[in-house]
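Data block below; observations after.
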There are 2 protein chains.
Amino acid sequence: MEALLKKHNLRKTSGRLSVLQCFLECGKALSHGEVQELVGQKMDRVTLYRILQSFEENGLLHKVPDDQVSVKYALCDHVHDLDHAHSDNHAHFKCNSCGDTVCLEESSIPEINIPRGFQVNQSFLLLEGLCNECVD
Amino acid sequence: MEALLKKHNLRKTSGRLSVLQCFLECGKALSHGEVQELVGQKMDRVTLYRILQSFEENGLLHKVPDDQVSVKYALCDHVHDLDHAHSDNHAHFKCNSCGDTVCLEESSIPEINIPRGFQVNQSFLLLEGLCNECVD
DNA sequence: TAACAAAACGCAACAATGTTACAAAAACGA
DNA sequence: TCGTTTTTGTAACATTGTTGCGTTTTGTTA
Ligand SMILES: [Mn+2]
Ligand SMILES: [Mn+2]
Ligand SMILES: [Zn+2]
Ligand SMILES: [Zn+2]
């Protein structure tokens with residue numbers, strides 16, 4: 001786990017270790033507030049924001065739109081690659097019952113027709129509904 | 001314009017008329033803050049939130065994800081239909097330079113493979129990049 | 001047109017999310 | 001161990017969004 005930080009050019013701190021552990025253990029996308037609950041209130045709110053930000057900038061996490069309200073983060077597809085340039089170009093699914101958001105890593109976002117002259121740099125596809133555990 | 005409100009079962013108020021006018025005139029997705037600037041500070045912030053909410057509930061506007069930070073609203077595809085059950089199932093494009101968000105009404109969101117047992121109720125596809133006016 | 005009930009509004013208060021500035025503490029390479 | 005750079009904690013602030021409540025407005029009916 002410390003190796004993961006080093007590999008992504010992030011200094012090893014106790015805060016970063018606990019945040020990383022949260023994501024490795026729970027395997028789903030987490031909002032700032034959810035991580036805060038997991039690591040406890042002893043970690044400063046702002047520090048946590050900065051840790052999430054540094055993880056994203058260094059290719060450890062990627063942003064996931066949450067309900068058009070706030071952001072969640074999820075582990076990047078190839079966390080163990082040195083290459084940060086991978087795309088995480090996959091869809092996400094959010095269950096409206098249990099609230100969990102998961103990566104659909106096998107479902108890459110298809111090409112979309114865009115007007116002439118437009119240039120797409122990034123795309124976000126969020127599906128909402130019920131997960132297998134919450135369906136009926 | 002008053003007819004539009006009536007058609008969607010919304011009482012005619014001065015606030016609703018000015019908000020509706022904003023959307024009819026500017027033809028792009030607007031955030032709460034952007035509408036507030038257009039209608040002026042004399043309209044209460046909370047009232048504006050409630051007007052946007054009522055417009056969405058009655059099929060006049062639909063939500064558009066904005067940068068995973070906040071929400072924008074755009075006129076529904078078939079504002080003049082009595083049927084509110086239309087889907088607005090199209091992609092959106094946000095320009096990272098000018099900040100404008102537009103509906104790509106000709107680009108419906110394609111079907112995505114989802115895990116067995118999952119049920120999709122709604123989907124949001126946001127493309128980000130540069131619009132034709134901001135490219136180079 | 002007057003009266004009434006339902007809906008919308010204004011205001012206050014609150015919660016959640018996110019950002020910035022600055023000084024203290026910790027990490028890391030030399 | 002020393003010195004530099006990064007990270008952290010704290011405070012202060014901004015934006016976004018929600019709830020409760022009393023007042024005003026709207027649409028309907030007598
Ligand atoms: Mn993902
Ligand atoms: Mn749209
Ligand atoms: Zn679920
Ligand atoms: Zn533009």
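Chain A is the first sequence line, chain B the second, and so forth, proteins listed ahead of strands; every chain is numbered from 1.
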Common cluster, A/L130/B/F118, ILVMFWY with side-chain heavy-atom separation under 4.5 Å: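 No, no single cluster joins them.
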Examine B/L104 and A/I109 and state if one hydrophobic cluster contains both, with Ile, Leu, Val, Met, Phe, Trp and Tyr joined whenever side-chain heavy atoms are less than 4.5 Å apart.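 Yes; tracing contacts between hydrophobic side chains, which count when under 4.5 Å, links both residues.
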Distance check needed: [N] [atom2] versus [X] [atom1], whole Å only.
X	N	atom1	atom2	value
A/L5	C/dA26	CG	C1'	15 Å
B/L52	D/dT16	CG	P	12 Å
A/L48	C/dT19	CG	C1'	14 Å
A/K42	D/dT8	NZ	C1'	14 Å
B/F55	C/dA7	CZ	C1'	14 Å
A/K6	C/dA27	NZ	P	14 Å
A/Q53	C/dT20	CD	P	9 Å
A/L30	C/dT17	CG	C1'	16 Å

Proximal nucleotide (of [options]) relative to the [X] side chain:
X	options	value
A/V46	C/dA13, C/dG10, D/dT10	D/dT10
A/R45	C/dT17, C/dA27, D/dT26	C/dT17
A/Y49	D/dT10, C/dT17, D/dG17	C/dT17
A/D44	D/dT10, C/dC28, C/dC9	D/dT10
A/R16	D/dT18, D/dG20, D/dT7	D/dT7
B/R11	C/dA6, C/dA26, C/dC9	C/dA6

Is any side-chain nitrogen or oxygen of B/T13 closer than 4.0 Å to OP1 or OP2 of C/dA8?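 So the side chain of B/T13 is outside the cut-off, no N or O lying under 4.0 Å from OP1 or OP2 of C/dA8.
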Count the heavy atoms of every other residue, nucleotide or ligand shown that sit under 6.0 Å from CG of B/N121, and state whether that count exceeds 12.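 More than 12 heavy atoms, drawn from other residues, nucleotides or ligands, come within 6.0 Å of this atom.
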Tell me the closest heavy-atom pair linking A/C131 and A/F93, and the distance in Å.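 Between these two residues, the closest heavy atoms are N-CE2, 3.8 Å.
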Mapping B/R50 and B/S14 onto DNA chain D by nearest heavy atom, which one lands closer to the 5' end?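 Nearer the 5' end of the strand: B/R50.
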Hey, which of B/L5, B/T47, B/L4 is the one that makes side-chain contact (heavy atoms from CB on, under 4.5 Å) with B/R16?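 Passing option: B/L5.
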